[in-house]
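Structure, as C-alpha cells:
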Amino acid sequence: MRVNAHGLDIDAICRQARAAARAIEWLSSQQRRDVLYAMSEAINAQSSDILAANARDVTAGESTGLSPAMLDRLRLDDDRLHAMTAGVRAVADLPDPLHIDLNERIHANGMRIRRVAVPLGVIAMIYESRPNVTADAGSLCFKAGNAVILKGGSEALESNRAILQAMEQGGVSCGMPAHAMQLLDTRDRSVVHDLLQRYDTIDLVIPRGGEGLIRAVAGHATMPVLKHYKGICHVYVDVDADLEMALNIVENGKVQRPGVCNATETVLVHESIADAFLPRLARRLAGYGVELRGDARTCAVIPDAIAAHDDDWSAEYLDLILSIRVVSSADAAMDHIDHHGSRHSDVIVSENAATAQRFLRGVDSAAVYVNASSRFTDGAEFGLGAEIGISTDKVHARGPCGIESLTSYKYIIEGRGQIRP
C-alpha cells in the first residue's frame with residue numbers, strides 16, 4: 001500500500017472509486033432511488049451519533065477561535081438534520097438524468113445516431129465548513145450515477161465522518177457498490193494537492209467555499225474544475241425603471257442574505273434619474289445599516305455615502321456594503337459589468353422592452369434578469385432540485401448546477417453493416 005505523508009493511499013482510493021463508478025452504472029433508476037432512501041433513513045437512525053460528533057467539532061472550533069459565522073455554518077441541530085434527510089429524499093425523487101436520448105438523427109445511409117446522457121464517472125468534492133454538503137454532494141453525485149471522493153474542512157471532520165458512515169451503511173445495505181462514496185479522513189491539507197494530480201481517475205473536481213479555496217484548487221488541478229470565484233452581482237436601474245420596483249429589488253438583493261454569492265454588490269443608476277432615485281435608496285437601506293460607497297455623483301446626492309475606491313467596483317463584499325455608480329446609459333452599465341463583473345448574475349430594472357432585450361443580449365453572465373432580484377440564482381428556485389454549486393464557467397455547465405450538470409453524453413450509433421465510402 002502506497003501511504004503518503006497524510007496517511008492515505010490516494011491511488012487505491014481513486015482506483016476503488018473508478019471501480020465503483022462502473023458498478024453504479026449498472027444500477028437501475030429505481031435501485032438508485034432505493035439506495036438514497038436507505039441513506040436518508042440511516043442518517044435519521046444515527047442522528048444522535050451525528051449530533052454528538054458535530055458537538056465535538058463545534059467545541060473544537062470554539063477553542064480555536066472560529067468566527068460566529070463559521071460556527072453557525074458548522075453547527076447541526078435536529079431541524080438541520082431533518083432538512084438534511086429531507087434533502088436526500090428530494091434528490092432520490094428527482095427525474096433520472098441518465099440514459100436519456102438528448103438528440104437523434106438518421107444518417108443518409110440509414111444509421112441511427114443518438115446522443116445519450118451518461119454519468120461523468122468519478123467526482124472529487126472539496127468543501128469547507130458546512131457538514132450538510134457531505135449529504136448533498138454524496139446524494140447528488142450518486143443520483144447522477146457517479147462515484148464521489150469527499151474532502152471536507154478539518155473543522156467538520158468528525159461531523160462529516162459520522163454523516164458519511166451513516167450514508168454508507170444505509171446505501172450498502174440496499175445495494176450501493178462499495179466505495180461509491182469515500183471521505184478523505186484526515187486533517188492534513190496536503191492530501192488535496194495529491195488528489196488533484198489524479199487526472200487519470202478523477203473526471204471532475206468541484207471546490208465549494210471561499211475564493212481562496214477555489215483559486216487554489218483551480219490552480220493545481222490536472223482535471224476539469226467546476227467553479228466560480230466571486231459573485232459580483234449588479235442591478236442597473238434604467239431611465240425607464242419603475243423606481244419603487246427598483247427599490248424593492250435592490251433591497252432584497254442586498255439585505256435578505258448579504259453573505260451569499262447571489263447577493264447584490266453594485267447598483268448602477270442612469271444619470272437622468274439619479275437625483276430622484278438615490279435619496280430614496282439611501283433612506284430605504286439606512287434602516288438595515290447598509291454602508292454605501294459611491295462615485296462622485298452618488299456622494300453629491302447622498303452626503304453620507306463614502307467615496308468609492310477603484311477596488312470597490314470589483315469587490316464581493318458578502319456584507320451590508322453596497323457600491324453605487326451613476327452611468328450615462330444602458331451601454332455604459334453593460335461596459336461596467338463587462339469590466340468589473342464576475343459573470344454570475346446581473347439585473348436590469350426597466351419598463352423599456354427594447355432596452356431590456358439589449359441588456360439581456362449584451363451582458364455575458366450565467367443569469368441575466370429583467371425586473372427581478374439576483375437572489376433567485378439558485379438550483380431550487382430554477383427547478384433543479386438540490387444544486388452542487390453555481391458555475392460561472394462556460395464549458396460543460398453554467399449557472400446553478402443540478403444533477404444534469406453531473407452527467408456527460410456519448411454517441412450511440414446503430415447500423416446494419418454500413419461502411420464509409
Side-chain angles (χ1 to χ4, degrees), residues 14 17-36 39 87-105 113-127 133-150 167 171 175-177 179-182 198-208 221 223-228 366-367 377-413:
C14 290
R18 178 60 67 187
R22 291 195 298 271
I24 294 169
E25 189 151 13
W26 291 103
L27 297 180
S28 69
S29 176
Q30 184 62 47
Q31 286 173 313
R32 280 180 279 120
R33 183 178 183 275
D34 291 344
V35 164
L36 289 167
M39 288 180 185
V88 174
R89 292 194 301 273
V91 170
D93 290 334
L94 289 172
D96 190 350
L98 299 178
H99 312 302
I100 298 167
D101 286 354
L102 304 174
N103 185 273
E104 180 179 345
R105 64 182 290 263
I113 303 172
R114 292 183 294 141
R115 191 170 68 193
V116 179
V118 296
L120 282 169
V122 178
I123 296 173
M125 186 82 187
I126 301 169
Y127 53 103
V133 175
T134 301
D136 290 346
S139 57
L140 282 164
C141 289
F142 183 78
K143 176 72 177 186
N146 303 292
V148 62
I149 299 171
L150 301 161
M167 294 178 75
M176 181 181 77
H179 310 301
M181 298 181 188
Q182 299 181 82
R198 299 313 196 272
Y199 63 88
D200 53 341
T201 48
I202 296 175
D203 298 286
L204 178 72
V205 61
I206 305 174
R208 188 164 175 177
M223 66 288 289
V225 181
L226 193 155
K227 63 187 182 298
H228 84 267
T377 304
D378 174 84
E381 295 291 342
F382 281 15
L384 304 177
E387 69 176 31
I388 201 75
I390 296 174
S391 172
T392 53
D393 286 338
K394 294 185 180 182
V395 177
H396 178 66
R398 195 178 195 193
C401 298
I403 54 172
E404 290 180 358
S405 300
L406 300 178
T407 66
S408 184
Y409 58 81
K410 64 183 176 185
Y411 285 94
I412 293 178
I413 303 94

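For this chain, numbers begin at 1 and follow the sequence in order. Keep in mind it's a predicted model, so treat the numbers as computed, not measured. Quick note: numbers below take in every heavy atom, side chains included, and nothing from hydrogens, waters or symmetry partners.
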Is the shortest heavy-atom distance from the side chain of T392 to the side chain of R398 under 4.5 Å? no
Residues at least two apart in sequence or cross-chain that pass side-chain hydrogen bond (donor to acceptor under 3.5 Å, both in side chains) with T134, listed by chain then number, are Y127, N160
Between the NE2 atom in H99 and the OG atom in S29, the distance rounded to the nearest 0.5 Å is 9.0 Å
To the nearest 0.5 Å, atom CG of D136 lies from atom CZ of R208 at 6.5 Å
Residues C14 and I202: closest non-hydrogen pair is SG-CD1, 4.0 Å
Side-chain donor-acceptor contacts of residues 378-391 below 3.5 Å, not counting sequence neighbours, with atom names and distances?
residue: D378; atom: OD2; partner: A380; partner atom: N; Å: 2.9
residue: D378; atom: OD2; partner: E381; partner atom: N; Å: 3.2
residue: E387; atom: OE1; partner: G379; partner atom: N; Å: 2.6
residue: S391; atom: OG; partner: D393; partner atom: N; Å: 3.1
residue: S391; atom: OG; partner: A397; partner atom: O; Å: 3.0

Residue set satisfying salt bridge (charged side-chain N to carboxylate O under 4.0 Å, His left out) with R114, at least two apart, ordered chain then number -> D101, E414
Between K227 and P207 the two heavy atoms that sit nearest each other are CB-CG, 4.4 Å
Q. Under 3.5 Å, is there a donor-acceptor pair between the side chain of R18 and the main chain of T201?
A. yes
CD1 (I149) and CD (Q182) are apart, to the nearest 0.5 Å, by 5.5 Å
With sequence neighbours left out, the residues meeting side-chain hydrogen bond (donor to acceptor under 3.5 Å, both in side chains) with S408 are none
Please examine the side chains of L406 and C141, heavy atoms only from C-beta on, and report whether any two atoms are closer than 4.5 Å. yes
Next on the checklist: Any non-hydrogen side-chain atom of I24 less than 4.5 Å from a side-chain atom of F142?
Outcome noted: yes
Legend entry - R33/D96 salt bridge by N-O under 4.0 Å criterion: no
Heavy atoms, side chains only, cut-off 4.5 Å: are M39 and M181 in contact?
yes
Does a salt bridge link D203 with R198, judged by any charged N lying under 4.0 Å from a carboxylate O? no
Between the CG atom in L98 and the OH atom in Y409, the distance rounded to the nearest 0.5 Å is 15.5 Å
Here the gap from L94 atom CG to R32 atom CZ, rounded to the nearest 0.5 Å, amounts to 11.5 Å
Residues 115-126, side-chain donor-acceptor partners within the protein, below 3.5 Å, at least two apart:
none

Output for pair (K143 NZ, I403 CD1), nearest 0.5 Å, gives 6.0 Å
For E404, the side-chain contact (heavy atoms from CB on, under 4.5 Å) test, sequence neighbours excluded, returns P97
Donor-acceptor check, side chain of H396 to backbone of S405, threshold 3.5 angstrom: yes or no? yes
Heavy-atom nearest pair, G175 first then V35, reads C-CG2, 4.2 Å
